[in-house]
Structures are given as structure tokens and as C-alpha cells.
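Values below: all heavy atoms of this structure, side chains included; hydrogens, waters and symmetry mates excluded.
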Amino acid sequence: MESPLIELLVLAGIAVFLILRLKSVLGTREGFEKPSLANNEAPAPQRKFEVIEGSPDDDIVAYVDEGSPQAQALSDMKRADSSFQVAEFVQGARGAYEMILMGFETGELDGIQPFISEEIFQSFVDAVSAREDQGLTIEAEFIGVRETTIVDATFDAATSTAEVTVRFVGELTSAVRNRAGEIVEGDPKAVKRQKDTWTFSRQMGTGDPNWLLVATDA
């Protein structure tokens, strides 16, 4: 008579132990956490992709078509520099996009000069100087990057020079004010979507890990 009751109590005790154990490992979540835009997110854990001979490289085909010239170029970059990972490059490009774009918008160019070519830097200087001559200032706030797409990649084996072209879709608020502080263009409260195509370049296999912005195209 008592045997089934004892077995039931034992099973109940085991179930309670398992539930408490799962809570301690997984934690507790309430409700739905809305994901923030990429630039506000904590960096994702970096993964090293192991490529099996003859199989596609997941780190490459996640961004470009398998067997495409772009995929071949990215593969050549990896052979020239074993530390290069496409996922890490894309994440860094997103950060560079915000930093460079906002440096140009606000006219604070000194902080971004190390990350852009001399030609691009001079074009930024000329544009900012023209704004200042007209008494114009830009009030801008970066919201985030909605899309990052690799549209082209090339690798020159003779010089170990790599170039990767990335299309960004970003969101920001922007308003242009005159000397009197009046808004002559834009709206500081309206979020606008901006599309840019930028090309980054780097010589692979050197001690310098930084990529330079060498071309821009809206």
C-alpha cells in the first residue's frame, strides 16, 4: 500500500531537483527583449571557422556566393593572412561606418584621419571648410546600421593588397543650421535612412591590422 506512495514522493523530489537545477543554469527571462541595432549590441563572441578541405568556408559563404570571384578573393586574403576573418571584418566595418560618417557630419575630422586615405580625407576637409564658409553647421545623431552587405572583393597577389566594397544602410537624424541657428535643411527629430557604398583597403600579412576607407559612393 505504501510502496506506490513512496515511489511517487521520490519521483516528485527528483522533478523538483531538476527544475531548480535548470533555473540555476539557464536563468529566468520575463517578457520579450527587443533587439537593439547592431552598433549598440555587445560584440558577438568571435568564432574561428575550421575549413575542411574541399568544403565551403562558412565564414565566406555567409556573405558572398560560393564559387563567386568575391568568394575566391576572400579566400586568397585568408591564405595571405591567417588571422583574417570575414565576420570580424564586417563587424569592424559597421563600427567604422558610424565613426567616419559622424566625424564628417560634425566636422570633427582629426579622430577619423587614421582610418581614411589621404584623398578621402582631403575631400572631407574641403566639404567641411565649404560648410563653415557658409556659416552652416550640422546637428546629427546616429541611430544604427540596418544592413551591411559585401558587394565586391578583390585581392592583388603581387602586392597582397585586398579591397572589400561594402554597402551600408544606416539610420540617423540630421539637420543643417545657419549662423542664426535656424534649420535650413533636414529635421533633428526625423529619422532618415541613408545608403552608402564604401571600399576598404588593406595590405594583408603586414603588422598593421587597420583597413583604410579608399572610396565612397552613395
Asker: For the residue pair Asp58 and Val61, establish whether any side-chain heavy-atom pair is separated by less than 4.5 Å.
Answerer: yes
Asker: Does Ser75 form a side-chain contact (heavy atoms from CB on, under 4.5 Å) with Ile60? I'd like the steps, not just the answer.
Answerer: CA-CA 8 Å; Ser75 180; Ile60 293 177; 4.0 Å; yes
Asker: State, yes or no, whether a side-chain contact exists between Ile112 and Met99 at a heavy-atom distance under 4.5 Å.
Answerer: yes
Asker: Indicate, with yes or no, if Leu101 and Leu109 share a hydrophobic cluster defined by side-chain heavy-atom contacts under 4.5 Å among Ile, Leu, Val, Met, Phe, Trp and Tyr.
Answerer: yes
Asker: Looking at Phe104, does the NZ or CZ of Arg131 lie under 6.0 angstrom from its six-membered ring centre and within 45 degrees of the ring axis?
Answerer: yes
Asker: Test Leu74 against Phe89 for side-chain contact (heavy atoms from CB on, under 4.5 Å), laying out the working first.
Answerer: CA-CA 11 Å; Leu74 293 172; Phe89 165 81; over 6 Å; no
Asker: Using a distance-only test with no angle check, is there a side-chain donor-acceptor pair under 3.5 angstrom linking Glu66 and Ser68?
Answerer: no
Asker: As a test of understanding, state which of Phe115, Phe168, Phe200 forms a ring-ring contact (aromatic ring centres under 6.0 Å, His included) with Tyr97.
Answerer: Phe168
Asker: Using 0.5 Å steps for rounding, measure from the OG1 atom of Thr216 to the CD1 atom of Ile120.
Answerer: 4.5 Å
Asker: Using a 4.5 Å cut-off on heavy atoms from C-beta on, say whether the side chain of Asn210 contacts that of Pro114.
Answerer: no
Asker: What verdict does the side-chain contact (heavy atoms from CB on, under 4.5 Å) test give for Val86 and Phe84, after you've listed the backbone C-alpha separation in whole Å, the side-chain angles of each residue and the deciding distance to 0.1 Å?
Answerer: CA-CA 7 Å; Val86 182; Phe84 172 65; 4.1 Å; yes
Asker: Given salt bridge (Lys or Arg N to Asp or Glu O under 4.0 Å), test Lys78 with Asp57 step by step and report yes or no.
Answerer: CA-CA 11 Å; Lys78 285 192 166 191; Asp57 185 340; 2.8 Å; yes
Asker: Does either side chain, that of Asp152 or that of Gln70, offer a donor lying less than 3.5 Å from an acceptor on the other one?
Answerer: yes
Asker: Should the pair Asp81-Arg202 be classified as a salt bridge under the 4.0 Å nitrogen-to-oxygen rule?
Answerer: yes
Asker: Can you establish whether the number of heavy atoms outside Glu185 located under 6.0 Å from its atom CD is more than 12?
Answerer: no
Asker: Would you indicate whether the side-chain heavy atoms of Leu136 and Asn178 approach each other to under 4.5 Å?
Answerer: yes
Asker: State whether a side-chain donor-acceptor pair under 3.5 Å links Thr137 with Arg177.
Answerer: no
Asker: Rounded to the nearest 0.5 Å, how far does CZ of Arg193 lie from CD of Glu147?
Answerer: 8.5 Å
Asker: If we only count heavy atoms from C-beta on, is the Glu139 to Ser174 side-chain gap below 4.5 Å?
Answerer: no
Asker: Which heavy atom in Thr148 sits nearest to a heavy atom in Val90, and how many Å separate them?
Answerer: CG2-CG1, 3.8 Å
Asker: Verify the distance criterion only: is there a donor paired with an acceptor across the side chains of Asp208 and Thr206 at less than 3.5 Å?
Answerer: no
Asker: What I want to find out is whether Glu171 reaches Arg146 closely enough, with some N-O distance under 4.0 Å, to be called a salt bridge.
Answerer: yes
Asker: Run the side-chain contact (heavy atoms from CB on, under 4.5 Å) test on Val164 and Ile150 for me, step by step, so that the C-alpha distance in whole Å, both residues' side-chain angles and the decisive distance to 0.1 Å come before the verdict.
Answerer: CA-CA 7 Å; Val164 183; Ile150 294 179; 4.0 Å; yes
